[in-house]
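A short write-up of the structure that comes next.
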Amino acid sequence: MSIIQTPQTPGSQPFWVLNTQNTSYAYGVNELGYLEHVYWGARLPAYSDYQGPGAYARRITPERYSHEEYPAWGDYKFNEPCLKVRFADGVRAVFLKWVDSAVEHGDGVDTLTVTLADQHYPLQVKLVYRVFEAYDLIERCAQVVNSGGEPIELEQVLSAVWEVPRRDAYQLTTLNGKWGGEFQIQRVELPMGKQVVERRRGASGFDSNPFFALAEAGATETHGDVWFGALAFSGNYKLVVERTAFEQVTVSGGIHDFDFSWRLDGGETFETPVFVAGFTEAGYGEASRLLHAYELAAVLPQETAHTPRPVVYNSWYVTEFDVNFENQMKAAKLAARLGVELFVMDDGWFGQRHHDRAGLGDWTVNSDKFPEGLGPLIQAVKALGMDFGIWVEPEMVNPDSDLYRAHPDWVYHFPNRPRSTGRNQLVLNVSRPDVQAFIIDFMDDLLANNDIKFIKWDMNRHFSEPGWPDAPAGRDREIWVRHTRGVYDILRQLRAKHPGVIWESCSGGGGRVDLGVMPFIEQFWMSDNTDPYDDLFIQEGFTLAYAPVTRMMWVTDANWINGRPFTLDYRFHLAMMGVLGMGADLTKWPEADLDKAAAYIAVYKEIRDTVQFGQLYRLRSPRESALSATQFVSADGGESLVFAFLSASVFGEFRTMLRLQGLDADASYQIDDHITLSGQALMKRGLPLALKGSFVSQMLRVRRV
Ligand code: DGJ
């Protein structure tokens, strides 16, 4: 049982300990009735190890901060509030006290719901804690209930605040980046004050990802205390990491309050997104593995979570918008010869979509490009033994489109203001039920009338002029939440209607990568930047939070970003460390390269279970040395793969012993059918590696004998 509650003897205050395999999280009700945080970290053996809140905690410290599990705004304290509201009479101060609680036991997941209520107004907050014992993780969310008759305006409603123990210093890790350079790991000593990880553009994106890690100073991939978490939301969010002058360190997170307002009518409930967090004593590597395992077991759509992902070919970088039956079939024939399992046609197949200036929103097949519709292409692709997939960007419209001409009011806009375009497109107001119905209808038609097994759902610009002039009264600023919820709802409905379709989330690369959309998709397009050296860095950051089974990357020709060539080996090795795809112009490849690619794809099919469902170890970071390496260990421990990349050798420094992880010390392992070493030797002495040159790579298969 992972949730322990004190026996409630008369006069005693309730106190809870949420235990996972290796961690404890404790809080209780203080003598004034407020819910106070007590501890989060390594599991403590005895109940008496917790000093009850009544014993020492003060509701508000002399420094005017509280340790509340869900601080509301209004009294004489200065925490980042989780809740800020305005009651119908104009009062804007909230006082939340404990009312009751309930525990529900599930299969590996126990749930504790603690209800707090305002002392005067009909406002309740239910704090939900779901304890994932096996993964050392706790999901938190809040349900705000208006139990009265008059509306309450919500001005800030976060999912949770996580408080970490007092330490002398903390390292804060966040994932920041840009288009073509997503998921760059940023690690700084946590300064006093507030660090804000946020998005205010309508959707999660490149410049920051809703993930954090706070670690003790000096923590590494393998050692050190790390508290970490991720918010499950794809719209505007903020994570506020605060270190006060009095060494209280907290991470408050949830939907961003920027331009946000939500009208909660009597009887209504507002539920926040989930904010999941965990603790490990074994460094950043273990933090990632816990998240990866949790994503596979509890976040990804369970009907496909454990099904191997197919090898994909996508022609975007070859044909761009100029798709037609002939050029797609040319690519498809070669892709099939290589062993590709899923052929995807990207942008350009619909409306007047000859470039990015027109046609978006007109989801009928372009009859010049495909005179008989998609049927012949799909049949031909299937005859080659592959499934067929297609690209869409349902939340967007080009002003030069029939859709926009018919429904200019369907985009976010303000009267008397321009409608700024980005990539020549505007954002459809997916908060509107009629826009949602339009998207569901055209997607349903597309999937019902064509044998499509894969959808790449793209999203290529963010919000500006976010007006909704004909919104129901007082609800126009709800778009920041309604849009994202609308997308989730559409995906939920389409998945239910069309089981067996694989969905990929793309947003101009790895823009919409988060746990919020993950329950509705199988994978993420990691980046438009397919330069494999740049991708080493993107991949490293991506895997900090997200499982390799969700990461799609293609082998392409030299891309225009850095314009440098790489060997086929290097390109394949990089792309094979997740879900493998191809996006090169195969018609220009010499026979020898096609044969080599076929061989790599065959190997990938042998090893993909280990890559997609195994444990990932980041052995060496590309940020720290010219030689970087990643290791995967299969679920049963029988196979391990090592991918090593050397950017440039320096004379005398190219031989190394790479210490592996996650093996059975007592077992023997054969390396690429050559030498045999014990697990102990591989982990303690290391795997001999001799790479030299520039941009060279190696994949080693290590098998238990
Ligand atoms: C942006 C995506 O990231 C690309 O892969 C491609 O699908 C284009 N959009 C198509 O417009």
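Residue indices begin at 1 and follow the sequence shown. Both ligands and their constituent atoms are indexed starting at 1 by order of listing. The shown structure was predicted, so the numbers you read here are calculated from the model rather than taken from an experiment.
- For Asp451 and Lys382, the salt-bridge test passes: some basic side-chain N is under 4.0 Å from an acidic carboxylate O.
- For atom 7 (O) of ligand 1, the nearest non-hydrogen atom of the protein is Asp346 OD1, 2.7 Å.
- Taking all heavy atoms of Asn529, Asp458, Thr530 into account, the minimum distance to atom 9 (N) of ligand 1 is reached by Asp458.
- Listed by number with element, the atoms of ligand 1 under 4.0 angstrom from any heavy atom of Lys456 are 4 (C), 5 (O), 6 (C), 7 (O).
- Of all protein heavy atoms, the one closest to atom 11 (O) of ligand 1 is Asp347 OD2, 2.7 Å.
- Salt-bridge formation is detected for the pair Glu341/Arg608: a Lys NZ or Arg NE/NH1/NH2 atom is positioned less than 4.0 Å from an Asp or Glu carboxylate oxygen.
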Take Asn562 and Tyr533, measure what side-chain contact (heavy atoms from CB on, under 4.5 Å) needs, and give me the verdict at the end. CA-CA 10 Å; Asn562 292 316; Tyr533 179 64; over 6 Å; no
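- Here's the thing with Trp316: none of its N/O atoms is less than 3.5 angstrom from an N/O atom of ligand 1.
- Close contacts between ligand 1 and Cys506 involve ligand atoms 2 (C), 3 (O) [criterion: under 4.0 Å to a heavy atom].
- Under a 4.0 Å N-O distance rule, the pair Asp402/Arg405 qualifies as a salt bridge.
- The proximity of Asn314 to ligand 1, defined as any non-hydrogen pair under 4.0 Å, does not occur for either the backbone or the side chain.
- In this structure, Glu395 pairs ionically with Arg512, as a charged nitrogen and a carboxylate oxygen lie closer than 4.0 Å.
- Side chains of Trp525 and Asp528: a donor on one and an acceptor on the other come within 3.5 Å.
- Every atom of ligand 1 is numbered from 1 in the order shown, and the set under 4.0 Å from a heavy atom of Asp528 is 1 (C), 2 (C), 3 (O), 4 (C), 5 (O).
- Close contacts of ligand 1 with Gly508, meaning ligand atoms under 4.0 Å from a residue heavy atom, involve 1 (C), 3 (O).
- Side-chain contact between Leu491 and Trp457: present, with at least one pair of heavy atoms (C-beta onward) separated by less than 4.5 Å.
- Ser288 and Arg618 share a donor-acceptor pair across their side chains, judged by distance under 3.5 Å alone.
- Under a 4.0 Å heavy-atom criterion, Arg423 is in contact with ligand 1.
- Residue contacts with ligand 1 leave out Glu320, since none of its heavy atoms falls under 4.0 Å from the ligand.
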